[in-house]
2 protein chains.
Amino acid sequence: MAGVSQPSGLPAPSVAPDARRQLIDAALRLFANRGFDGTSLQDIADVVGIRKASLLYHFESKEQLRLAVLDHLLSVWNEGLPRLLVAAARTGAPRFSSVIGELVRFFDEDPNRARLLLRESLDRGEDMRKRLQTFVAPWVGVVAEYIRDGQKAGDIDAHVDPEAYVVQIVHMVVSGMATAANFDHALLPPSHPLGTPDERHTRELIRIARASLFRERGTL
Amino acid sequence: MAGVSQPSGLPAPSVAPDARRQLIDAALRLFANRGFDGTSLQDIADVVGIRKASLLYHFESKEQLRLAVLDHLLSVWNEGLPRLLVAAARTGAPRFSSVIGELVRFFDEDPNRARLLLRESLDRGEDMRKRLQTFVAPWVGVVAEYIRDGQKAGDIDAHVDPEAYVVQIVHMVVSGMATAANFDHALLPPSHPLGTPDERHTRELIRIARASLFRERGTL
DNA sequence: GCGGTCACCTACCAATCGGTAGACATTCGT
DNA sequence: ACGAATGTCTACCGATTGGTAGGTGACCGC
């Protein structure tokens, strides 16, 4: 039935330098946009151009592919971490701009990252909690400590709850990037003197983060 | 038009008057927690205690059940809208507290609402965009107008982009409530002098919203 | 030349998916 | 009392799912 259209004798050796990598990339994109349950192994194999059975040669199960995608994402995050901590080592407003800039950049580079993270924490909260505890919690602690320094020095509002503040901002960035295209474009007029919905979204995000942090109103 | 309740003309209620309602409730919970694709009609029927075929008597397809769940959710939202607009009709700080309080309450009442909304905008952004445009955009406009009044009166920061601000805060509330249990508990220590992670989350959310809105630092 | 491993393939499987057909019982207006 | 809805059931369907079995060719060190 359903005579599978065997395209040909498949003469192409199909270089396939890093099929594994290609599969992870395709899976990231599909998982992020359709969800884990909404994506079949067939879908992923089709994108890469191999058979489903060949996919299962590289990853012994769908679950393990999921883990590989997540591991890959977190390793990319870890690569960028030093740069972020360097940014956090500055002082005052430059520090603020640098840190939040690095954060935004990571997800702006590929919004699928934000979508996947959001989906994972919806689908498998328990697993995600552990991962966040390992990969993000220490970094949150570092930034929170910088905030406490700022509070002692007097340039950061004493009412700020450092950890909770960082978590909220991260949350805002992640979920914002994940659904910005849908959410903001629906609620913000497409053309406006202040700019495109995306621009207004990002600008206001940074304004909110800054205005709710420093004691004195920032000078833009 | 979708007649909500028959004007006493139809006697029809009969034995299982709320099978439909039960199914919608169960579907909301399951869709919110496992996603649409991660939930089978069998799962939903099991929760209610009927057979899958009986479910399909009430909803002619899974897709229509999805739409019914969404319609129900938005009708509940619409029921609460007047109260929210009354809150918005106040002035100054009380207005702020009332509005954001109503918003938080809606999702706090049942966090599945936030989870479902977030999932829908990830899974079917296009559809969600239209729904938001119909049900939320007008309300965003009203609140934004109030913010503009406040800016003219001088008690709200002139740098605030009214629409973008409202969207950001709504975004923060929705995605915050949707994943609070996982996200915050992972990154905030379970016991802390400032309170539970939930308390700190909500308190900081409101602080951020307020501090980034008013020109003068609010006095709590 | 030869065995082994790698990376892919075809062909298949049991389970589950959303959905249909039709029997059966209860309740209703007439 | 009776026919018609209404709501539930059992039994089934074709398609798709994640996963397995086993074959084939290219390339490797020896």
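Basis for what follows: all heavy atoms, side chains included, without hydrogens, waters or symmetry-related copies. A note on names: the letters A, B, ... follow the listed sequences, proteins ahead of strands, and every chain is numbered from 1.
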Report all side-chain donor-acceptor pairs from residues 102-117 of chain A shorter than 3.5 Å, counting only partners two or more places apart or in another chain.
unit_1, atom_1, unit_2, atom_2, d
E102(A), OE1, R83(A), NE, 3.2
E102(A), OE2, R105(A), NH2, 2.8
D110(A), OD1, N112(A), N, 3.0
D110(A), OD1, N112(A), ND2, 3.3
N112(A), OD1, N33(A), ND2, 3.3
N112(A), OD1, R115(A), NE, 3.4
N112(A), OD1, R115(A), NH2, 3.3
R113(A), NH1, F106(A), O, 2.8
R115(A), NE, N33(A), OD1, 3.2
R115(A), NH1, A178(A), O, 3.3

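No hydrogens or angles were tested; on distance alone, nothing pairs the side chain of K62(A) with the base of dG19(D) as donor and acceptor under 3.5 Å.
Among the heavy atoms of the strands lying under 4.0 Å from L56(B) is at least one base atom, whether or not backbone atoms are also near.
For the side chain to side chain donor-acceptor pair (under 3.5 Å) test, residues two or more places apart in sequence or in another chain that qualify with Q168(B) are H201(A).
If E63(B) and S54(A) are placed on DNA chain C by their nearest nucleotide, the residue sitting closer to the 5' end is S54(A).
One atom, CG of L55(B), and another, C1' of dC17(C), lie 14 Å apart when rounded to the nearest Å. Atom C1' of nucleotide dA15(D) and atom CG of L41(B) are separated by 15 Å, given to the nearest angstrom. Put simply, CZ on R20(B) is 14 Å from P on dT6(D), counting in whole angstrom units. The interatomic distance linking Q22(A) (CD) with dC8(C) (P) rounds to 9 Å, in whole Å.
Under the 3.5 Å distance criterion, the side-chain polar atoms of Y146(B) are left unmatched by any main-chain donor or acceptor of G141(B).
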Verify salt bridge (Lys or Arg N to Asp or Glu O under 4.0 Å) between R131(B) and D71(B), making sure each step is shown before the conclusion.
CA-CA 10 Å; R131(B) 276 207 153 72; D71(B) 282 348; 3.0 Å; yes
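For the segment residues 25-40 of chain B, residues with any heavy atom less than 4.0 angstrom from an atom of DNA chain C are, sorted by number, T39(B), S40(B).
A 6.0 Å sphere centred on CZ of R148(A) holds more than 12 heavy atoms belonging to other residues, nucleotides or ligands.
Y57(A) has a side-chain polar atom (N or O) that falls below the 4.0 Å cut-off from OP1 or OP2 of dA7(C).
Of the listed nucleotides (dG18(D), dC9(D), dA7(C)), dA7(C) has the atom at the smallest distance from the side chain of H58(A).
Within the 4.5 Å cutoff, side-chain heavy atoms of W139(A) are placed close to those of L85(A).
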